[in-house]
Amino acid sequence: MRNKLLAKKVLCSVLAASVFGMAGSALAADSAYPVADANINADTEYTTNGTIKADITGTGNENVTIINSDNTTVEATIKTAENSGNLEIKDLDSLTILTKDTKTNKFNGILAEGGSKVIINNVKVVNIGTEDSPVLTEHQDQAIHALFGAVSMNVGELNIYTGCQGIMAQNYGHDGVNIEASGDVNINSRYQSVLAYGLNSAPDGGKAKVKINAKGTVNIVSTNVEDLDSAAVSLTNKATQGPNEYTGQNGSEVVINGEQGINIESSNYGVNAVATGKNADSTFSLESENGNVVINSKNDGIYLSDNKENNIGGNIIANNVVISSETGAAVDSTNGNLTLAANTVDGSVILTGADVAVEAKGNSKLTLGDAEKANNVIVNGRIEASGSAKISTTANSTLVVDAKYLAAGNKNTFIEGNVNVGGNLKVTNAKTGDTLKFTDNKDLNAKLTDKVISSNVLQNIVKGDGTFTVGTVSSAEAEKALAGAVITNVAL
């Protein structure tokens with residue numbers, strides 16, 4: 001199956017090259033997009049010059065490429081008119097959507113206007129752009145843009161390559177963007193890869209929604225290094241265009257399910273949810289039943305920000321959840337709510353930051369670990385909660401930290417603020433005789449007395465006056481711990 005899909009990608013790249021390089025052959029005048037519904041039984045290349053409304057139906061074996069003409073009158077390769085109903089392209093082997101440079105700052109791959117819906121159904125591989133010929137330039141718009149309309153896909157595999165933004169659901173009163181894939185979804189963009197943009201002002205207008213459900217893996221890459229607010233996955237109700245600033249209502253929602261995993265790579269933020277004003281709830285869900293969710297970012301992995309007027313945040317649940325930031329925190333929340341959990345017994349939540357790994361401010365509430373299954377919550381960095389914010393590990397979870405973050409001489413303690421350690425706290429790489437300092441919070445220190453353990457079964461960690469000391473267990477305890485084991489050269 002993988003080789004077959006790869007072959008289709010190669011074929012679509014060849015078709016893309018023919019669109020740009022062949023003159024007077026494949027793209028003759030009769031290749032204009034039809035004005036009436038068409039049934040096809042051969043590979044076909046179409047050009048568009050304005051809004052389109054005709055359905056295309058194949059037999060399941062055809063490869064179709066669609067590209068805008070040089071003198072197009074609209075701002076998208078596929079654009080539907082307002083109140084035009086459904087446009088459906090279905091029953092194909094592959095569909096490739098490309099864009100020519102129109103020298104305009106406003107252009108899209110697919111643009112669905114109000115009262116219209118673009119439906120792509122039963123297509124094995126959909127390519128919007130290719131690796132060699134990405135759609136759009138850095139100053140244009142989206143590969144898929146549900147403005148006031150909707151975009152729905154039921155496909156085998158979706159690949160998006162764009163020099164600008166990937167998928168955007170904007171404003172209100174529609175179903176947004178809904179992707180169902182029996183294989184993988186791959187989005188490679190320069191700016192936001194997935195964006196839910198709630199900019200409407202009608203109080204009952206509904207949320208801007210993006211939903212991606214893939215039986216395979218969802219892979220998202222955002223390569224922008226210029227726009228400091230850019231994120232691979234973004235939810236917001238605020239926009240600035242020149243001197244004008246817009247603030248919307250009704251909020252936004254992003255749901256991404258990758259059955260075999262979700263991978264997010266970003267040169268800025270991994271996931272951000274930012275709301276201002278009122279009536280602007282912004283929520284997201286990233287889940288994988290059989291795989292991991294992995295987020296690697298330059299800035300914060302998860303960034304949440306609200307003015308205490310809205311519900312922002314979400315949940316990330318997978319076999320293992322791994323979030324890493326090169327220069328920021330794995331999680332940075334102001335007035336947000338977030339749950340990170342592994343859906344398997346002994347699964348791990350691994351959070352790595354440049355200094356602080358997990359930070360909660362305002363009235364944030366962060367929950368680490370599953371409520372029922374035993375999880376390891378591995379934190380590489382410090383944990384900070386300020387204001388009325390609270391960070392908790394669940395009772396079934398073991399908080400795991402390297403001893404280097406607990407050195408008594410460190411400038412800052414491992415835990416600061418209102419942090420509840422629900423289960424055990426395991427220390428790795430500790431040396432016998434080390435003095436460990438977890439926090440300046442006396443109440444928390446007292447609660448940790450019976451929870452702190454070492455990953456070395458021959459060590460115990462004993463509470464002192466504000467610090468803990470790494471010692472060795474008794475001979476009887478050592479014999480019990482090592483029962484049945486053959487040990488040589490045990491170093492304490």
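Side chains included, hydrogens not; waters and symmetry mates left out as well; all remaining heavy atoms used.
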* Start with the C-alpha gap between Asn380 and Leu351, add the side-chain angles, then the distance that decides, and say whether side-chain contact (heavy atoms from CB on, under 4.5 Å) holds. => CA-CA 6 Å; Asn380 300 307; Leu351 306 173; over 6 Å; no

* Residues in ring-ring contact (aromatic ring centres under 6.0 Å, His included) contact with Tyr405, at least two apart in sequence or another chain -> none

* To do: For Tyr303, enumerate each residue passing the ring-ring contact (aromatic ring centres under 6.0 Å, His included) test, keeping only those at least two apart in sequence or located in another chain.
  => Tyr269

Any chance the side chains of [X] and [Y] put a donor and an acceptor closer than 3.5 Å?
X: Asn343; Y: Asp370; value: no
X: Thr394; Y: Ser397; value: yes
X: Asn296; Y: Glu265; value: yes
X: Ser324; Y: Thr352; value: no
X: Asp91; Y: Asn122; value: yes

* **Under 3.5 Å donor-acceptor, Asp184 side chain and Glu157 backbone** =>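 The answer is no, because no donor-acceptor pair under 3.5 Å joins these two groups.
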
* Check for a donor-acceptor pair, side chain of Ser133 on one end and backbone N or O of Thr130 on the other, with a separation under 3.5 Å. => no

* To do: Report the C-alpha distance between Asn213 and Glu180 in whole Å, list the side-chain angles of each, state the deciding distance to 0.1 Å, and finish with yes or no for side-chain hydrogen bond (donor to acceptor under 3.5 Å, both in side chains).
  => CA-CA 5 Å; Asn213 183 34; Glu180 294 282 338; 2.9 Å; yes

* Steps toward side-chain hydrogen bond (donor to acceptor under 3.5 Å, both in side chains) verdict (Ser266, Ser297) -> CA-CA 5 Å; Ser266 177; Ser297 62; over 6 Å; no

* Rounded distance [0.5 Å steps], OG1 in Thr236 versus OH in Tyr197 ->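 Reported to 0.5 Å precision, the distance equals 6.5 Å.
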
* To do: Could you please spell out the steps behind the side-chain hydrogen bond (donor to acceptor under 3.5 Å, both in side chains) verdict for Asn319 and Asn292?
  => CA-CA 5 Å; Asn319 291 183; Asn292 304 323; 5.7 Å; no

* Given Lys106 and Glu75, is the salt bridge (Lys or Arg N to Asp or Glu O under 4.0 Å) satisfied, shown in steps? -> CA-CA 6 Å; Lys106 297 292 180 183; Glu75 61 271 36; over 6 Å; no

* Below 4.5 Å, heavy atoms only, C-beta onward: do Ile167 and Ile212 meet side chain to side chain? -> yes

